[in-house]
2 protein chains.
Amino acid sequence: MAKKKQIGQRQSRQRDTILQAIGEADGPLLAQTIHEQAKRRVPNLGIATVYRTIKLLLEHQRIQPVVLSDGQTRYELVGLGHHHHFRCRVCERVYDLPGCMLSISDGAQLPGGFQVEAHEVTLIGVCPGCA
Amino acid sequence: MAKKKQIGQRQSRQRDTILQAIGEADGPLLAQTIHEQAKRRVPNLGIATVYRTIKLLLEHQRIQPVVLSDGQTRYELVGLGHHHHFRCRVCERVYDLPGCMLSISDGAQLPGGFQVEAHEVTLIGVCPGCA
DNA sequence: GTTAGTGCAAAGGCTTTGCACTTCA
DNA sequence: TGAAGTGCAAAGCCTTTGCACTAAC
């Protein structure tokens, strides 16, 4: 059952670095950003390795995809608890927001017979750094 | 100022049909779905024309893109009023939901200095047809 | 030594663009 | 007729895959 650190069958500097980059961020990251971050530590890291590692991490449920209204897919660690996202329209960065501000709960039934199982909320605006 | 029906400089059966397909839907549509719908009336309609028309309609602010967590871009008419979306995890169709169920309003300031200007909510679950 | 993991380059899927043909005004 | 609009096919962008090489174990 041990699988806290090990991702594939072998340990590799590339994978450790990629996972570290995702874990150190204060919000979900683009594949491209992960690549740039990880390259600082593993200079000749290929983008294909980033995508392969992302796929592996998704399969192992260590990370999850976050797709917001800009259409780009970002990735964040699982186990962050229930939270939502804030996207800065200036710098396009995405931040985690703890807690929930939705007035309807999962499990509710909407008029018309729509059964709600989950929800997503994104706030859009300007982040402190860009204000 | 007149531009209620006219999209480009000339009228064309293709554009009218594409706009009609988007307008008749009960939720935002994929480019592919728009193409399929419109092809019923204009059989040899090319996908490039669909994308060009979408682009034109976006520029003219007649439609707007809707990107949900499945990563696919859909399009809906503007002027539907404030609303959110429901995505069925079974059939992957997206429906409009009137009203708002968010407990924080645009214009609010979040702890940390995040200025909220807009928001998006998506409910995920099972639609009446798939239940 | 085996073979998982990697980098490069080619291939795929969706969207955009170039170009010659069609059609509206 | 003149240019906007269209269809086809080629090109682009991001992501995935094939293949030979590298490096964990």
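Labels below follow one simple rule: chain letters A, B, ... track the order of the sequence lines, proteins then strands, and each chain is numbered from 1. Heavy-atom basis, side chains included; hydrogens, waters and symmetry copies ignored.
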*asked:* Please give me the minimum heavy-atom distance between A/Ile63 and A/Leu58, naming the atom from each residue.
replied: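 Heavy-atom minimum between the residues: O-CD2, 3.5 Å.
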Name every donor-acceptor pair, under 3.5 Å, that has one atom in a side chain of residues 102-112 of chain B and the other anywhere in the protein, sequence neighbours excluded.
{"residue": "B/Ser103", "atom": "OG", "partner": "A/Met101", "partner atom": "O", "Å": "2.8"}
{"residue": "B/Asp106", "atom": "OD1", "partner": "B/His119", "partner atom": "ND1", "Å": "2.8"}

Write down the distance between [atom1] ([X]) and [atom2] ([N]), rounded to a whole number of angstrom.
X       : N      : atom1 : atom2 : value
A/Glu59 : C/dG5  : CD    : C1'   : 15 Å
A/Gln11 : D/dC25 : CD    : P     : 6 Å
A/Leu57 : C/dG5  : CG    : C1'   : 14 Å
A/Arg15 : C/dA4  : CZ    : C1'   : 7 Å
A/Leu19 : C/dG5  : CG    : C1'   : 16 Å
A/Arg52 : C/dG7  : CZ    : C1'   : 8 Å
B/Asp16 : D/dA4  : CG    : P     : 18 Å
B/Lys55 : D/dT6  : NZ    : P     : 14 Å

*Kindly say whether A/Gly8 contributes a backbone atom to a donor-acceptor pair with the side chain of A/His60 at under 3.5 angstrom?*
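Not at all, since once roles are kept as given, no pair shorter than 3.5 Å links the two residues.
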*Taking B/Arg13 for its side chain and B/Arg41 for its backbone only, find out whether a donor-acceptor pair lies under 3.5 Å.*
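Yes; judged by distance alone, with no hydrogens or angles, the pair exists.
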*Check side chain to side chain contact (heavy atoms under 4.5 Å, CB included) between B/Glu59 and all other residues, then give those that pass, not counting sequence neighbours.*
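Expected list: B/Lys55, B/Leu56.
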_Of the options D/dA24, D/dC8, D/dG5, whose atoms approach the side-chain atoms of B/Ser12 most closely?_
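Ranking D/dA24, D/dC8, D/dG5 by closest atom to the B/Ser12 side chain puts D/dG5 first.
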*Of the nucleotides C/dG5, C/dA9, D/dG7, which has the atom closest to the A/Gln9 side chain?*
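Nearest listed nucleotide: C/dG5.
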*Counting just side-chain N and O atoms, does A/Gln72 come under 4.0 Å of either OP1 or OP2 of D/dC14?*
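Checking A/Gln72 against D/dC14: no side-chain N or O falls below 4.0 Å of OP1 or OP2.
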*Please state whether the base of C/dT3 and the side chain of A/Arg10 form at least one donor-acceptor pair under 3.5 Å?*
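Such a pair is found, so the answer is yes.
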*Taking for each residue the nucleotide of DNA chain C bearing the nearest heavy atom, is the 5' side occupied by B/Thr73 or by A/Arg13?*
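Checking each residue's closest nucleotide, the 5'-ward one belongs to A/Arg13.
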*Any donor-acceptor N or O pair under 3.5 Å, side chains A/Ser69, B/Glu120*: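 There is such a pair between these side chains.
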*asked:* Assess the residue pair A/His85 and A/Asp96 against the criterion (side-chain contact (heavy atoms from CB on, under 4.5 Å)); give the C-alpha distance rounded to whole Å, side-chain angles, the decisive distance to 0.1 Å, and a yes or no.
replied: CA-CA 5 Å; A/His85 298 103; A/Asp96 292 328; 3.3 Å; yes
*Which of residues 31-45 of chain A have a heavy atom under 4.0 Å from DNA chain C?*
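Of all residues in residues 31-45 of chain A, the ones placing a heavy atom under 4.0 Å from DNA chain C are A/Asn44, A/Leu45.
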